[in-house]
Amino acid sequence: MDPRRARSFGAVADAYALARPTYPPEALRFVVPPGAGRVLDLGAGTGKVTTGLLDLGLEVVAVEPDDAMRAHVDTRAVPLAGTAEQVPLPDRSVDAVVAGQAWHWFDTAEALAEVGRVLRPGGTLGLLWNVLDDSGGWALEVAEMLGLEDRLSLVDRAATSPAVGCEVWRPWSRQLFPHWQAADPDLVVANMASRSVVIVQEAEQRLALLRSVRAAVPEGRFKVPWVCDAWRASVP
Ligand SMILES: C[S@@+](CC[C@H](N)C(=O)[O-])C[C@H]1O[C@@H](n2cnc3c(N)ncnc32)[C@H](O)[C@@H]1O
């Protein structure tokens, strides 16, 4: 985990809110136990997971360290400043903890201890990653160009597998949920501009990369193919 990248997102909070895909409702249902009431969205960012959980009728606490990201969180949720390593909630206060596109930024051991503390008995930890389907075409070209890590062809690499470092939480259930995002070239460029691997580049290099992205994507309106990689485990 590169701390500079982990905390880079606030600089592009607006682009992130605009251009990152939402999470499929069926993936959110998969990571939350039946009968859940209150859920913690950990590393909530601009609230993509939060809004999806709220739309399922759940009560959501959104914990996010970055003020600019947290400012976008849905007003129906309870937004709190905090980290995965120091969750500002009492013991046994939520039915599920969900982290979207965020678990890899946390200190695994400290985050697991905090998740175990705030979960009620029978609660679940759900981890989600929206990965770009890079099976071909412009998506493959862009993924290669940026050195994207969250892409379908790398979905089984160890770094995003929660099984690594989370042995006590086994067995993990896992399901892949393909979905689409309606887009145009500007949206794809904004999406790529919201990637930590791009944000931390020097300005000149960043602009050159984004120009190359723009040149690679088709004109007009099209669908971006995503796959939501969803993991669920129960508190031991
Ligand atoms: C890629 S964004 C994901 C945001 C959101 N969950 C989503 O699915 O769109 C990663 C988020 O994790 C936050 N973050 C980084 N380190 C964190 C930590 N140690 N604890 C909690 N959040 C953290 C960042 O500020 C950022 O908003």
Side-chain angles (χ1 to χ4, degrees), residues 1-25 27-28 30-32 39-56 58 60-74 77-89 94 96-118 125-132 146 148-151 159-160 162 165 177 179 181 187 190-200 224 226-231:
M1 191 267 290
D2 174 347
R4 204 163 69 99
R5 284 179 58 186
R7 296 303 177 93
S8 67
F9 296 99
V12 295
D14 292 347
Y16 195 107
L18 172 80
R20 290 291 190 108
T22 56
Y23 293 89
L28 295 168
F30 174 74
V31 293
V32 171
V39 178
L40 165 62
D41 178 4
L42 198 50
T46 60
K48 302 266 173 197
V49 169
T50 291
T51 297
L53 293 169
L54 288 164
D55 289 346
L56 294 181
L58 294 155
V60 184
V61 180
V63 168
E64 164 58 43
D66 188 285
D67 294 342
M69 295 293 272
R70 203 174 54 256
H72 285 271
V73 167
D74 197 308
V78 177
L80 292 178
T83 65
E85 297 80 9
Q86 279 193 298
V87 177
L89 286 178
V94 293
V97 176
V98 182
Q101 223 85 12
W103 186 258
H104 54 286
W105 298 126
F106 306 159
D107 178 300
T108 305
E110 290 183 26
L112 277 177
E114 281 294 80
V115 170
R117 181 182 68 75
V118 300
L125 171 60
L127 307 179
L128 303 170
W129 282 273
N130 270 329
V131 299
L132 183 65
L146 300 188
L148 272 195
E149 291 152 335
D150 36 5
R151 52 196 281 200
T160 56
F177 298 88
H179 61 120
Q181 179 189 30
L187 196 85
N191 182 304
M192 297 307 154
S194 77
R195 306 268 153 185
S196 63
V197 70
V198 174
I199 303 167
V200 298
V224 181
W226 299 99
V227 175
C228 184
D229 186 11
W231 297 75

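Start at 1 and go down the list; that is how both ligands and their atoms are numbered. Quantities reported herein were computed from a predicted structural model and do not represent experimental measurements.
A donor and an acceptor atom, one from each side chain of T51 and D74, are located under 3.5 Å apart.
Taking the six-membered ring for Trp and thresholds of 30 and 60 degrees, F9 and Y16 have ring planes more than 60 degrees apart, a perpendicular arrangement.
What you find for T50 and A44 is that their closest heavy atoms are OG1-CB, 4.1 Å.
Using a distance-only test at 3.5 Å, with no hydrogens or angles considered, a donor-acceptor pair links the side chain of E85 to the main chain of D107.
In this structure, the side chains of V197 and R5 come closer than 4.5 Å at one or more pairs of heavy atoms.
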Give every pair formed by an N or O atom of ligand 1 and a protein N or O atom closer than 3.5 Å, one pair per line with both atom names and the distance to 0.1 Å, or write none.
| residue | atom | partner | partner atom | Å |
| --- | --- | --- | --- | --- |
| ligand 1 | 6 (N) | G43 | O | 2.7 |
| ligand 1 | 6 (N) | G100 | O | 2.7 |
| ligand 1 | 8 (O) | Y23 | OH | 2.5 |
| ligand 1 | 8 (O) | G100 | O | 3.1 |
| ligand 1 | 9 (O) | Y16 | OH | 2.7 |
| ligand 1 | 19 (N) | E85 | OE1 | 2.9 |
| ligand 1 | 19 (N) | E85 | OE2 | 3.3 |
| ligand 1 | 20 (N) | A84 | N | 2.9 |
| ligand 1 | 25 (O) | E64 | OE2 | 2.7 |
| ligand 1 | 27 (O) | E64 | OE1 | 2.8 |
| ligand 1 | 27 (O) | E64 | OE2 | 3.1 |

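If you run side chain to side chain contact (heavy atoms under 4.5 Å, CB included) between R195 and each of L148, V12, V200, only L148 comes through.
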